[in-house]
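Quick notes on the structure that follows.
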Amino acid sequence: MTSEQYLSVLNPEQKAAVMHEGSPLLILAGAGSGKTRVITTKIAYLIAEKNIRPQSILAVTFTKKAAKEMLDRAVQLEPRADKAQIRTFHSFGAWFLRVYAEQAGLDPNFTVYDDDDMVTLLTKAIPDLPKKNASHVAHCISLAKDYCYEPDNPHLADIDHSPEFPEYYEAYQKRLRETGNVDFGDLIMLPVLLLQQNERIRTQMQYRFRVILVDEYQDSNVAQFQLLSALAGPETYVCVVGDDDQSIYKFRGAEVQNILSFQDQFPGTTLIKLERNYRSVAPILHAADVVVSNNSDRLGKTLSAERGDGKKPVLAFIPTQDDEARFAVELIKAAHKKGVPYADWAILYRTNAQSLSFETLFNNKKLPYTIVGSLKFWEREEIKDALCWLSFIANPRDEIAFRRIVNKPARGIGPTSQDKIIARLPETAVSESLLPSKGILDACRLALSSMSAKAKKSLGEFIELIEKYQTELGMYEPRAEGLESDEEPADKDAPSLADVLERLIKETGLIEYHTAQDEIAGTQRVANLQELCNSAIPYAPDRNGLLEYLDHVNLDRTLETENDEQVDAVTLITLHNTKGLEFPRVMITGLEEGIFPRAEKSAEELEEERRLFYVGITRARDELYMTSCGVRRMYGRTEYMAISPFLKELDTQQLEVIGSIPSSFKRVMQAQQPASEKPEDNPDEAGYVTEEDMELLERWRKGRTVFHDDYGYGVIVSAKVNEDSEFIIDVQFQSGATKKFLPKYQANRLMIAEI
DNA sequence: GACAGTGAAATTTTT
DNA sequence: TTTCACTGTC
């Protein structure tokens with residue numbers, strides 16, 4: 001495509017953003033304003049018209065999915081863009097640290113620890129830290145790293161002001177360095193420290209990247225800002241794109257301040273606003289706007305709906321979560337009959353746990369779906385086991401991996417022996433001046449003499465097995481790689497890492513171990529292991545292949561189903577994961593107080609939840625459905641849900657409301673009706689009593705005997721409309737227990753007992 | 001050191 | 001309701 005062609009489809013602001021040069025650029029891009037198009041066109045334009053070498057362009061995104069899409073679209077416009085560095089922040093960090101592993105004090109074959117590994121390592125580093133506290137401390141350490149605070153930083157108290165925290169952090173960091181590995185936070189923090197301390201490396205990097213583009217800048221954290229600052233030299237062209245209304249990662253250290261103060265941090269910045277929305281029809285955009293305008297802490301912008309009018313959003317009140325899933329199925333099936341593909345639909349929810357009722361029913365009704373970003377697969381025991389074998393082969397200083405695999409299946413080397421071995425680790429560091437060290441393997445050899453005959457034998461076999469694979473994969477050969485790392489994808493028929501992995505899980509006894517487990521518990525573990533092997537197919541059976549594969553699984557937990565794009569399936573996804581995506585038809589589920597927004601939110605956090613709602617609404621192109629359940633099963637108990645406070649912020653005149661409307665919402669609707677249509681009588685009691693309530697009051701009056709499926713016979717001791725305008729009864733059962741019910745939602749389980 | 005049985009806790013959101 | 005961590009026994 002020529003640049004005239006791709007520039008001609010842009011509106012004036014977009015074109016200005018693409019062609020801008022000579023100063024830092026901040027693009028404030030509203031939802032659906034063609035932000036990705038602008039970035040990808042800019043990449044193509046810089047290469048084609050400004051003679052920028054593709055290799056010297058760095059484009060950073062937050063998710064691998066976004067990176068992939070950006071690369072694909074840029075390549076469509078300009079084939080040479082495939083040489084540009086388009087990565088997530090974390091994968092850039094991993095790339096950088098592999099290039100400068102030695103300077104960063106890391107094993108060149110390091111792998112990345114996840115949150116669970118952090119907790120485990122922490123309990124090893126600080127033995128008397130209670131397990132329950134460990135995950136909290138681990139979380140705080142992550143946050144500290146998001147702010148680029150080292151253990152001696154006085155600001156640590158802002159994160160956790162317990163006096164021990166800096167000690168814990170320091171002990172953890174020391175132990176982590178001994179493993180040669182990194183955690184997620186290190187992937188950003190260590191490059192920042194290295195760039196700040198080492199002028200030569202800084203100059204190298206600043207020379208290497210002449211253009212840096214950052215997407216979703218509103219969700220960058222302080223460490224990422226510092227990384228950007230360190231990478232940007234006086235000659236570097238910096239362009240960031242973001243939307244303060246879509247900042248949803250505060251809990252992870254995201255700092256909206258980064259985008260709000262960008263113009264101060266980078267003096268002379270040009271600001272371009274993209275406010276034309278090309279995605280959603282007007283009523284959907286209106287709903288989004290009404291909701292987000294309840295937030296106070298925002299730059300403020302007005303989106304115009306370029307697509308014009310369309311279908312009003314639908315708000316459905318639904319009895320239970322099973323009905324919610326049924327509602328989705330019916331809607332989707334009905335549309336499918338009219339030719340709407342399944343893939344047009346996305347079901348959005350606040351917490352991963354909510355996907356379950358949809359999965360169950362979709363399976364039942366043979367409705368195809370894909371789950372995005374479900375971490376479950378990678379958290380499975382058998383998967384982690386297999387990956388730890390690979391990690392330990394790559395880096396035999398990896399204490400966590402070692403402990404996990406050395407005694408599985410049982411080899412008679414329990415925690416006590418493991419501690420003994422790890423205790424010998426310092427000796428190996430001294431005796432082993434030649435790099436790379438064989439770490440724990442050497443420590444095992446030192447500890448052999450003090451072990452029982454049985455343990456000695458199996459530990460010897462363990463060492464042998466690891467070393468065999470290390471040799472096969474050439475783990476100690478120098479890495480033939482400079483700054484460029486443009487690996488060609490492996491040939492389909494070429495030998496693959498998958499073959500190695502398959503052999504490994506057989507030889508280690510993992511497959512037998514899990515076959516046995518499958519038979520006992522009826523699980524799918526062997527099948528999962530097979531799936532894992534499949535995921536390794538594109539990687540070469542050598543050192544680089546292994547490291548790339550491990551980075552891939554550690555930095556991107558979404559299981560790549562190769563035929564992702566071809567299969568026609570409904571998308572099940574958390575609201576957070578929808579960032580950057582769009583769908584013709586969107587259903588936002590679980591709009592109940594305590595679910596969305598989640599319970600116990602401060603005012604500030606509530607604004608973030610509201611932004612999350614805003615993000616969800618603005619994903620929809622043509623149709624938007626919102627559902628709210630009356631009751632929901634949680635922890636095996638049935639809970640009565642109040643409607644989400646966000647629903648009360650909607651413009652009910654611009655909604656289609658269906659289902660049995662709770663009186664608390666009827667009140668909202670009446671309040672918003674034009675004065676002429678308002679009913680005359682408006683009793684201003686605590687609870688507003690509707691006609692429907694009158695019927696309920698008559699039927700469920702005080703003193704009547706009722707029968708409940710679970711609790712048996714009982715007497716109604718109170719019947720009233722509560723503060724939330726919901727009709728509620730108290731029933732005293734024969735057991736003596738008193739329970740509250742909303743009879744409207746209990747038609748199947750609670751009935752009047754005729755006497 | 002392995003395993004069965006018991007009791008308590010669990011659901012944020014993600015790179 | 002399910003899952004996980006802890007305890008006591010072999």
Side-chain angles (χ1 to χ4, degrees), chain A residues 60-67 87-94 112-116 118-119 123 130-132 134-135 139 142-143 145-146 182-189 216 219-221 223-224 227 246-254 321 348-357 372-376 378-379 381 407-419 451-452 454-455 458 520-521 551-558 573-580 590 592 594-601 605 608-609 611-613 615-616 632-639 710:
Chain A
V60 199
T61 64
F62 274 79
T63 65
K64 204 139 179 175
K65 198 170 184 152
R87 291 175 171 273
T88 65
F89 260 117
H90 289 86
S91 100
F92 173 80
V112 183
Y113 280 146
D114 67 16
D115 292 359
D116 284 346
M118 278 184 85
V119 174
T123 54
K131 182 95 211 293
K132 201 169 158 275
S135 43
H139 178 244
S142 291
L143 264 183
K145 291 184 175 184
D146 287 340
V182 295
D183 57 23
F184 272 110
D186 280 345
L187 288 173
I188 310 298
M189 184 173 84
E216 307 282 7
D219 281 323
S220 62
N221 59 37
Q224 287 161 339
L227 184 58
Q246 295 186 60
S247 166
I248 52 175
Y249 281 107
K250 183 76 195 291
F251 70 93
R252 210 176 72 190
Q321 60 196 327
L348 277 47
Y349 36 79
R350 179 63 234 272
T351 64
N352 282 302
Q354 286 164 254
S355 71
L356 195 66
S357 49
V372 176
S374 164
L375 303 177
K376 282 180 211 142
W378 302 102
E379 282 171 356
E381 184 187 344
N407 205 31
K408 192 184 251 184
R411 287 185 187 76
I413 305 159
T416 327
S417 314
Q418 292 169 17
D419 288 344
M451 305 204 119
S452 71
K454 190 175 150 239
S458 54
I520 300 164
D551 272 355
H552 167 79
V553 300
N554 287 326
L555 299 180
D556 178 30
R557 269 42 225 308
T558 53
I573 190 168
T574 62
L575 281 146
H576 280 88
N577 260 323
T578 61
K579 190 162 83 161
E592 297 128 38
I595 298 285
F596 187 25
R598 271 202 66 77
E600 296 143 21
K601 289 288 171 185
E605 290 169 317
E608 177 145 320
E609 294 274 312
R611 287 193 291 271
L612 191 56
F613 190 30
V615 168
R632 192 171 281 276
R633 285 181 80 80
M634 300 167 94
Y635 323 105
R637 284 275 121 224
T638 302
E639 304 275 344
D710 290 344

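Letters A, B, ... mirror the listed sequences (proteins, then strands); counts begin at 1.
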Specify the separation, in whole Å, of atom [atom1] of [X] and atom [atom2] of [N].
X      : N      : atom1 : atom2 : value
A/L356 : C/dT3  : CG    : C1'   : 14 Å
A/I188 : B/dT14 : CD1   : C1'   : 13 Å
A/H139 : B/dT14 : NE2   : P     : 13 Å
A/N554 : B/dT14 : CG    : C1'   : 14 Å
A/N352 : B/dT15 : CG    : C1'   : 15 Å
A/E608 : B/dT14 : CD    : P     : 12 Å
A/L143 : B/dT13 : CG    : C1'   : 13 Å
A/D551 : B/dT15 : CG    : P     : 15 Å

Worksheet item: Can you tell me how far C1' in B/dT14 sits from the matching atom in C/dT3, rounded to whole Å?
Response: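 Roughly 23 Å separates the two C1' atoms.
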Discussion item. Taking only the C1' atom of each, what is the distance from C/dC6 to B/dT11 in whole angstrom?
Written reply: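 Straight-line distance between the two C1' atoms is 23 Å.
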Fill in: Contact nearer the 5' end of DNA chain B, comparing A/M634 with A/D115
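Nearest nucleotide further toward 5': that of A/M634.
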Worksheet entry | Cation-pi, A/F62 ring and A/K579 (6.0 angstrom, 45 degrees) | yes
Does a side-chain N or O from [X] land closer than 4.0 Å to OP1 or OP2 of [N], or not?
X      : N      : answer
A/N221 : B/dT15 : no
A/S91  : B/dT15 : no
A/N577 : B/dT13 : no
A/R598 : B/dT12 : yes

Given [options], which nucleotide is nearest the side-chain atoms of [X]?
X      : options                : answer
A/A353 : B/dT13, B/dT11, B/dA2  : B/dT11
A/R350 : B/dT13, B/dT14, C/dT1  : B/dT13
A/T351 : B/dA2, B/dT15, B/dT13  : B/dT13
A/Y635 : B/dT15, B/dT12, B/dA10 : B/dA10

Discussion item. Any heavy-atom pair between the side chains of A/N221 and A/R252 that's under 4.5 Å?
Written reply: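 They are not in side-chain contact.
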Worksheet entry | Side chains of A/D183 and A/K145 in contact at under 4.5 Å (non-hydrogen atoms) | yes
Discussion item. Could you go through A/R350 and A/E609, starting from their C-alpha distance and side-chain angles, then the distance that decides it, and tell me whether this counts as salt bridge (Lys or Arg N to Asp or Glu O under 4.0 Å)?
Written reply: CA-CA 10 Å; A/R350 179 63 234 272; A/E609 294 274 312; 2.4 Å; yes
Worksheet item: When all nucleic acid strands are considered with a 4.0 Å heavy-atom cut-off, which category describes A/F89: base, sugar-phosphate, or nothing?
Response: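 It contacts nothing in the nucleic acid.
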Item to complete: Looking at every strand, decide which applies to A/F251 at a 4.0 Å heavy-atom threshold: base, sugar-phosphate, or nothing.
Response: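 Base contact - A/F251 has a heavy atom under 4.0 Å of at least one base atom.
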Worksheet item: Atom CZ of A/R632 and atom CD of A/E639: how far apart are they, to the nearest 0.5 Å?
Response: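 Going from the CZ atom of A/R632 to the CD atom of A/E639 covers 11.0 Å.
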Practice prompt. Output the distance between atom CZ (A/F89) and atom OG1 (A/T63), rounded to the nearest 0.5 Å.
Written response: 12.5 Å
